[in-house]
Amino acid sequence: ATLAGHTPAYVAALHGHSAVIEVLSKVHVDMEGAFQGGRTPAMVAAQGGHESVVSVFSALGVYPSLSVVLPDEVINQVGDPLLQKFLRQLIVDDRNVNDPSFEHGQSIVHLVAKVGNVQLLEILVKAGASLNARDNNGRTPAHVAAENHCVEVLRFLHEAAGADLNVVDKDGRTVGQ
């Protein structure tokens with residue numbers, strides 16, 4: 001820990017220094033150690049809007065909790081009361097953005113793609129959510145969006161976020177099939 005009790009990873013995340021995070025990871029510095037109030041370096045990076053740092057953490061398999069990614073003011077903007085309740089429960093359960101423990105091994109991105117909420121997807125992507133995450137059937141969020149006729153979600157996933165629409169699921173189907 002540094003003079004103020006912060007870890008090097010915490011300080012680098014706080015100031016948006018993704019290159020420092022990369023170097024620290026190579027010398028096996030703890031990337032998940034929490035500081036005041038249980039805030040981890042990944043949480044600090046997400047709260048500070050340091051997308052490059054969040055990307056480095058994501059590549060290392062370190063993600064902010066949903067409580068950081070989805071503050072109450074964001075959840076309140078979600079129109080569907082059932083989805084609001086669900087998101088709040090995820091926060092209580094302390095899930096992260098790539099937790100695959102939902103029905104059929106789906107992540108929150110699969111679920112949001114299913115209901116067609118592009119705004120929420122944008123937030124999750126900024127927090128390091130994997131757009132090519134596969135559920136137990138090998139299906140990505142794009143597969144789920146296509147199945148539910150969520151054209152705007154598909155457009156966002158492909159054009160804005162770079163999701164691969166040619167991924168083949170366990171049944172040999174791509175998104176368009």
Side-chain angles (χ1 to χ4, degrees), residues 1-78 83-113 117-136 140-142 156-157 160-164 167:
T2 65
L3 180 63
H6 295 86
T7 65
Y10 187 96
V11 173
L14 183 66
H15 295 289
H17 299 304
S18 57
V20 174
I21 296 296
E22 289 174 353
V23 170
L24 292 173
S25 73
K26 291 177 182 167
V27 294
H28 307 292
V29 169
D30 179 19
M31 294 292 161
E32 298 189 61
F35 186 62
Q36 298 170 338
R39 292 176 32 182
T40 66
M43 289 175 162
V44 170
Q47 286 173 327
H50 302 299
E51 293 179 32
S52 64
V53 176
V54 172
S55 293
V56 172
F57 280 129
S58 294
L60 297 170
V62 178
Y63 307 99
S65 72
L66 285 175
S67 62
V68 173
V69 178
L70 297 172
D72 233 21
E73 56 269 15
V74 171
I75 293 175
N76 290 338
Q77 293 174 11
V78 175
L83 184 54
Q84 287 178 350
K85 182 178 179 180
F86 177 73
L87 292 170
R88 287 191 173 92
Q89 186 59 49
L90 295 179
I91 291 168
V92 168
D93 294 345
D94 197 29
R95 302 277 180 104
N96 75 48
V97 294
N98 289 310
D99 188 339
S101 63
F102 300 102
E103 186 177 8
H104 306 295
Q106 293 184 333
S107 71
I108 189 170
V109 179
H110 286 88
L111 302 178
V112 173
N117 192 315
V118 175
Q119 177 190 12
L120 197 48
L121 279 176
E122 290 172 346
I123 292 166
L124 293 170
V125 168
K126 286 180 183 177
S130 173
L131 299 179
N132 293 314
R134 293 172 177 256
D135 65 13
N136 295 343
T140 65
F156 168 77
L157 289 171
D164 184 357
V167 173

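Starting from 1, each residue takes its place in the sequence as its number.
No side-chain heavy atom of Leu60 sits under 4.5 Å from any side-chain heavy atom of Glu22. Counting heavy atoms from C-beta on, the side chains of Leu131 and Thr140 never come closer than 4.5 Å.
Nearest approach of Pro41 to Thr7, heavy atoms of both residues: CG-OG1, 4.5 Å. Across all non-hydrogen atoms, the minimal contact from Ser18 to Val56 is CB-CG2, 3.8 Å. Across all their heavy atoms, Gly16 and Ser52 have their closest contact at O-OG, 4.3 Å. Closest non-hydrogen pair, Val20 versus Ala12, comes out as CG1-CB, 3.6 Å. Of all heavy-atom pairs spanning Ala42 and Val62, the tightest one is CB-CG1, 3.9 Å.
A search for salt bridge (Lys or Arg N to Asp or Glu O under 4.0 Å) contacts involving Asp164 returns nothing, not counting sequence neighbours. With sequence neighbours left out, Asn136 forms a side chain to side chain donor-acceptor pair (under 3.5 Å) with no residue at all.
Partner of Pro8 under the side chain to side chain contact (heavy atoms under 4.5 Å, CB included) criterion, out of Val23, Leu24, Val27: Leu24 alone. Exactly one residue among His110, Gln106, His104 makes a side chain to side chain donor-acceptor pair (under 3.5 Å) with Asp135. That residue is Gln106.
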After noting the C-alpha distance and the side-chain angles of Val167 and Arg134, does the key distance pass the side-chain contact (heavy atoms from CB on, under 4.5 Å) rule? CA-CA 10 Å; Val167 173; Arg134 293 172 177 256; 2.6 Å; yes
Evaluate the side-chain contact (heavy atoms from CB on, under 4.5 Å) criterion for residues His17 and Ile21: first the C-alpha distance (whole Å), next the side-chain angles of each, then the deciding distance (0.1 Å), finally the verdict. CA-CA 7 Å; His17 299 304; Ile21 296 296; 5.9 Å; no
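Rounding to the nearest 0.5 Å places CD of Gln77 at 11.0 Å from CG of Asp72. Atoms CG and CG, on Leu111 and Asn117 in that order, are 12.0 Å from each other to the nearest 0.5 Å. Atoms CD and CZ, from Gln119 and Phe156 in turn, are 11.0 Å apart once rounded to the nearest 0.5 Å.
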